[in-house]
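What follows is a set of notes on a single structure, which appears directly below.
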Amino acid sequence: MEVTDEVLVDLHRRMVRIRHFEEAAGRLAEESRLPGFLHLYVGEEAVAAGVCAALTDEDQISSTHRGHGHLVAKGGDFNRMMAELMAKETGYCKGRGGSMHICDLDLGMLGANGIVGGGVPIAVGAGFANKYKGNGAVSVVFFGDGASNIGAFHEAANMAAALHLPVVFVCENNEYGEYTPRDQTMAITDVVDRAVGYGMPGVIVDGMDAVAVFEAASEAVARARAGDGPSFVEAKTYRFYNHHGVQVLGMKYRSDEELAEWRTRDPIDLLEARLAAAGVLDADGAAAVHAEVAAAIEAAIAFAEQSPDPDPSELFNDVYTIAGGGA
Amino acid sequence: MEVTDEVLVDLHRRMVRIRHFEEAAGRLAEESRLPGFLHLYVGEEAVAAGVCAALTDEDQISSTHRGHGHLVAKGGDFNRMMAELMAKETGYCKGRGGSMHICDLDLGMLGANGIVGGGVPIAVGAGFANKYKGNGAVSVVFFGDGASNIGAFHEAANMAAALHLPVVFVCENNEYGEYTPRDQTMAITDVVDRAVGYGMPGVIVDGMDAVAVFEAASEAVARARAGDGPSFVEAKTYRFYNHHGVQVLGMKYRSDEELAEWRTRDPIDLLEARLAAAGVLDADGAAAVHAEVAAAIEAAIAFAEQSPDPDPSELFNDVYTIAGGGA
Amino acid sequence: MAATETETRTLAYGAAFNEALRQMMREDESIFVAGEDVGAAGGVFGAFVGLQDEFGPMRSVDTPISEQAIVGLGIGAAVAGLRPVVDLMFMDFILVAMDQIANQAAKLKYMFGGKATLPLTITTSGGAGLSAAAQHSQSLEAMLCHVPGLKVVMPGTPYDAKGLMVACLRDDNPTVFVKNKRLLGKKGPVPEELYEVPIGVANVVRPGDAVTVVSYGRMVDESLKAADRLAGEGVECEVIDLRTVQPLDIDTVVASARRTNRIVVVHEAVRFGGLGAEIAAQVQEEAFDYLDAPVGRVAAPFTPVPFSPVLEAEYVPNAGRIATGIRQTLGLAEPPG
Amino acid sequence: MAATETETRTLAYGAAFNEALRQMMREDESIFVAGEDVGAAGGVFGAFVGLQDEFGPMRSVDTPISEQAIVGLGIGAAVAGLRPVVDLMFMDFILVAMDQIANQAAKLKYMFGGKATLPLTITTSGGAGLSAAAQHSQSLEAMLCHVPGLKVVMPGTPYDAKGLMVACLRDDNPTVFVKNKRLLGKKGPVPEELYEVPIGVANVVRPGDAVTVVSYGRMVDESLKAADRLAGEGVECEVIDLRTVQPLDIDTVVASARRTNRIVVVHEAVRFGGLGAEIAAQVQEEAFDYLDAPVGRVAAPFTPVPFSPVLEAEYVPNAGRIATGIRQTLGLAEPPG
Ligand SMILES: Cc1ncc(C[n+]2csc(CCOP(=O)(O)OP(=O)(O)O)c2C)c(N)n1
Ligand SMILES: Cc1ncc(C[n+]2csc(CCOP(=O)(O)OP(=O)(O)O)c2C)c(N)n1
Ligand SMILES: [Mg+2]
Ligand SMILES: [Mg+2]
């Protein structure tokens, strides 16, 4: 797709929405207002935004344990997302899934996943369904550098290639799996080197540059839509917060300098500079977007807090689909 | 290692021993004298022979469901092998494992495996132990083209590379997984293309040429011994019999022509021609080897037939190692 | 059913399974099958023969050797609106794909607040008796039955093989259909028309008053043989074929046990932690005051499945050992000889 | 033990586990640990802290995210003569590695005619109660206990965490050591010297005559709390901590049940097919004439583990529900209010 001014503005808005949602979630977690684990996407916004801007509502994505950003980028509703993180009845999963299982099937977001690599075969299955139906839709797999070491990823990537499915593999290479650096867990620097082993084309893109991600993703999606099979996009990125929670400085596994270095390339700052330079959106315009999104977040928090907890009887529902009573 | 006349003669003997063992096993199966499944190695002898000739008794190998050839090449005893295939008490596994679990830990043969890819992580574990002990030993993983599509292979290959272990990955690419041709199950022609994704050096070798396999294996083993990490050898080969059992002609999944074509490159014929040309071993000399091995096979069959079945009480032994009573 | 039997044609268990698939695939375009060698080769046990010829390679898919991705393919396709059938060649291989089966397929709907629907059927072949050794002979249903979200059927007759497969294909939940390898060639009456055997309903295959024998899969035939022997000794066994192991038709079992006051559970799986344990636990709870003897269990010993035919014969329950187990529960001595 | 308790220092459950590993690694050069984040980071639960500093990266190995290869690494290294400890971060992840655990590690020795010895310890963390949802909260021990060749321990106290870990490290078989996530910070008396709590021996943690309550892992504390409440109602419960779930110390359980004539089994795992079923089946067999009531079971309902704290509180058994279950088995009415 062409990088029009509308696209630039759209990319900016998607990133700002992710950033504010994640910052708010982090704050709430610090205040112990969110139960369970929390894996924040701050710093990696350009990847989800750039990829999802290249998709239609009919296209599907499968996500990871770090899934809020993907859902927001795909059009997720703040209220239902925040309510899910707070385990409320009004949440996307009625409070049963939480951060690690958040999803919106209507938007084609097939779910975050608590199992590293667990979502990869599922997205490939959705891709098979798209080919089967000939509906022209594409499915995208988001996965991390660490996830590229697990068997399910390998099997599913090869399956997509063998069956020539309309799937795009997007590796979010943030250089770490939890607290272990990439060079401890693989002997390669670029995860995309694995694409050749599946017979897929692959590219490396600057994961802090939303426009670059958008262009690479658009190309891969176009190829898949055209029936030319799966491809692989590796986005070099970095998470600004800890593996889970928000703590950042004084970590043993990565230096404050490394973090500071990456922070100078904040994907939102980079795009806002470009928008200003191109005269598409000036500082005030950007600030207006932030303000609007911030207000929506506050509203979502209020919505979530006012929402009721699930009724205890909900514990027993939806284990099975009851014939007649639909999904 | 250098290809001396002794090496050539050794390669020939190893292949002849495999061929006669497998032909005999096939005959016995046709006569319903062997219980269970039987996956024959006929046609692929050059791979096991060439690789194992490059190993010492301290080096380990892990095998597949098609494991007789690997055990014979590693020095397996005909009597105990034949007895195991006949499920006798004198067999390598006391009749508890059979063809799919045949092993000789004393020879470093860590076992055939009924699970495709199941043996790959195990050989990598043995490689880790070798590095841990600093004993200079190397472990070799035999696996098929089809096995390269399963998760356990991927995880173990990456693990070996990440931990820089003395392991050699030997892919026996016979172009089929059971009844499904390679091009249906992967979008690549050469499995070695996967090596780059692990950061391993890889080579393709003619799997019908025992000398070529020996040379490639020697190099990979030397690299591993020197502490330079794992590498990947893909041997292009072909099985002359069906996936299991011996039936060959009139198969739906592969043409008689294709089989005939490959049979013109029988690895034993090729090496015998070379031996004769080089004046190392003439027709009579080769015939003598065949005769000697054939006699040993007959003896092994007799040994196995005269051996007792396991005592029914054996059913309950060796589920656990009993403290005091050793393994 | 008894009435129709006489009129209906006989078909082998494997062929009945195949017919259910074919007839349903004709009715429903959203059904496809995928797995190793299921397409062109028709499956290593012939269970999928002819499907690719009739429905083409898109609906009869040969996959790589990738059990996790095979199940995942089914999950994703099901969530996207198809009705996939994915095959895992041997039941032992469910362990290779257990994350996709138990952490993904079984839980998605619940975790998603009810949103996802997974009309997914996983087919596989279990059971011992072919000298296939420890990794190709297991009966692992107890592991699957312990996972909320799954349904598991294990037919013992050609009639049920067809009817239960139809039921699985029509069910909107992840179901696991376990064929027994040694029953594939077994012949029996199978109506030509499409019919359904409801999931979760057991079948009293032999009425009796002295003792209840509960089984499923291939052990039903062995239990019936044992019942014949005991009839010769003047003991009438009531034999129940569970047909479905999750959900369990415990009402039928308990009702029978309350009448006979004695019950024995028979299965191929190892005794410890097998389905017999759950049935015993529920029966002693529901029929405590009716039982004249402890719930008996006849099952495989706590060892891997051995290769040797001699050892395997000792391992797998058979009519003889079942009869012995029944006599023990009845407090009867073994007959002379 | 009771005697030493007073003198000995107190230590947290997780630290006791860590101390067992550290002391054994000092004694035995062939022991190493491998897993995700176990090295430099010391494990996500801190259970492996300090080991890399003391023993170096070769004996405290950070691995890729590859559960199958992690377990396989342990199997191969064990067969080659080392004594590996491999960690699977959450018990839910055993399903990702189930083939290597159940088809390989558990069966190699048997399939090889006794040749292989596998002194392998698989460590993991199970249990619910942290709002970690359906894929990070499971108790899957029943699946492991159904596999011949494995031993499984689930300590409920710091003392047993250290003593059982020592026993696992000294055992020549594949053992699975299941920490309970919610017990990691629990403090208790732990002798500084190296000691072993034998695998397969249960512990009567509270004597009583009215009813036997059998449990393990975190549910032991909840059972003791329930016992306190019932003591207030004049009912003395005998509480048994199994400590090891495979092999099961059924003799201790049966002996107690024969004395109290009533028994309730408590666990976090779902009820259907859980360990309570096997215990109930064995007890009703061994103590049939002694039981005044059916063997009771208090366990999780047949649903995945929910994320919502409100729902999870309903899901996981606690002292209140255990007390209710015990009263039912005793035929007592619930106390007013
Ligand atoms: C099968 C499995 N193994 C381990 C974990 C624990 N875990 C959760 S996130 C994570 C790191 C994932 O790294 P990566 O794929 O690079 O994603 P990132 O967190 O960097 O975004 C690990 C090991 C898990 N959830 N599932
Ligand atoms: C996990 C698993 N899936 C499927 C099988 C069934 N199976 C046995 S051999 C085989 C084909 C293996 O192909 P390849 O790896 O190329 O080895 P080859 O038989 O060609 O030597 C299959 C699918 C198995 N044993 N294990
Ligand atoms: Mg990462
Ligand atoms: Mg092959």
Side-chain angles (χ1 to χ4, degrees), chain B residues 34-38 65 84-89 91 93-102 112-118 144-154 176-182 184-187 243-244 251-253 308-320, chain C residues 35-44 46 48-49 52-53 57 61-72 88-90 92-97 99-100 128-138 181 270 272 300-316:
Chain B
L34 298 186
F37 297 122
L38 187 74
H65 55 286
E84 188 56 34
L85 264 53
M86 289 193 194
K88 298 306 184 80
E89 181 190 274
C93 309
K94 299 184 189 166
R96 284 216 208 87
S99 168
M100 268 194 293
H101 304 293
I102 199 156
N113 208 302
I115 302 296
V116 165
D145 48 304
S148 76
N149 296 326
I150 200 156
F153 158 76
H154 173 73
Y176 293 84
E178 289 200 346
Y179 313 103
T180 303
R182 199 207 64 253
Q184 297 276 309
T185 59
M186 50 183 99
H243 168 63
H244 68 87
M251 292 264 145
K252 185 176 161 205
Y253 71 101
D309 287 325
D311 184 89
S313 67
E314 272 292 315
L315 172 62
F316 306 97
N317 296 338
D318 299 324
V319 179
Y320 292 94
Chain C
E36 295 155 19
D37 303 294
V38 301
V44 293
F48 301 91
V49 161
Q52 191 171 74
D53 293 340
V61 185
D62 281 315
T63 67
I65 305 169
S66 307
E67 279 72 14
Q68 296 187 75
I70 289 167
V71 175
L88 301 177
M89 203 181 285
F90 285 76
D92 313 70
F93 307 162
I94 66 171
L95 299 180
V96 183
D99 172 63
Q100 287 291 316
L130 295 177
S131 302
Q135 294 173 338
H136 285 71
S137 306
Q138 296 173 84
K181 296 193 279 293
V270 298
F272 192 106
F302 200 60
T303 83
V305 184
F307 164 65
S308 152
V310 175
L311 299 182
E312 194 176 27
E314 285 293 307
Y315 179 89
V316 188

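In what follows, chains are A, B, ... by sequence order, proteins preceding strands, each numbered from 1. Everything numeric here is computed off the predicted structure, so don't read it as measured data.
- Here the closest heavy-atom approach between residue C:Ala133 and residue B:Gly97 is recorded as CB-O, 3.7 Å.
- For the set C:His136, C:Glu314, C:Glu312, the entry with the most heavy-atom pairs within less than 4.5 Å of chain B is C:His136.
- If you measure heavy-atom distances from C:Ile65 to chain B, the contacts under 4.5 Å come from both the backbone and the side chain.
- The shortest non-hydrogen separation linking B:Gly95 to C:Phe307 is O-CD2, 3.3 Å.
- Taking OG1 from C:Thr303 and CZ from B:Arg96, the interatomic distance works out to 8.5 Å, rounded to the nearest 0.5 Å.
- Between the OG atom of C:Ser308 and the CD atom of B:Glu84 there is a distance of 9.0 Å, given to the nearest 0.5 Å.
- Looking at B:Asn317, neither its backbone nor its side chain comes within 4.5 Å of chain C, counting heavy atoms on both sides.
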### Message
If you apply the rule side chain to side chain contact (heavy atoms under 4.5 Å, CB included), what do you find for B:Asn113 with C:Gln135, and how did you get there?
### Response
CA-CA 9 Å; B:Asn113 208 302; C:Gln135 294 173 338; 3.3 Å; yes
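- Looking at B:Leu85, only its backbone comes within 4.5 Å of chain C, counting heavy atoms on both sides.
- Contact of B:Glu89 with chain C is not made at all, since no heavy-atom distance falls under 4.5 Å.
- Of the listed residues (B:Glu178, B:Lys252, B:Gln184, B:Lys94), the one with the most heavy-atom contacts under 4.5 Å to chain C is B:Glu178.
- Heavy-atom pairs under 4.5 Å with chain B peak, among C:Pro309, C:Ser131, C:Ala41, at C:Ser131.
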### Task
I would like to know whether C:Leu95 and B:Ile115 meet side chain to side chain contact (heavy atoms under 4.5 Å, CB included); could you show each step before the answer?
CA-CA 10 Å; C:Leu95 299 180; B:Ile115 302 296; over 6 Å; no
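- In this structure, B:Gly114 and C:Phe93 approach most closely via the heavy-atom pair O-CE2, 4.3 Å.
- Nearest heavy-atom pair across B:Leu315 and C:Pro306 is CD1-CG, 3.6 Å.
- Heavy atoms of B:Phe316 lying under 4.5 Å from chain C belong to its backbone as well as its side chain.
- No hydrogens or angles considered: nothing links the side chains of C:Ser66 and B:Asn149 as a donor-acceptor pair under 3.5 Å.
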#### Entry: side chain to side chain contact (heavy atoms under 4.5 Å, CB included) between B:Glu314 and C:Leu311, intermediate numbers included
CA-CA 7 Å; B:Glu314 272 292 315; C:Leu311 299 182; 4.2 Å; yes
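- Ring-plane geometry between B:Tyr320 and C:Phe302 is classed as parallel, the angle between the planes falling under 30 degrees on a 0 to 90 degree scale with a further cut at 60.
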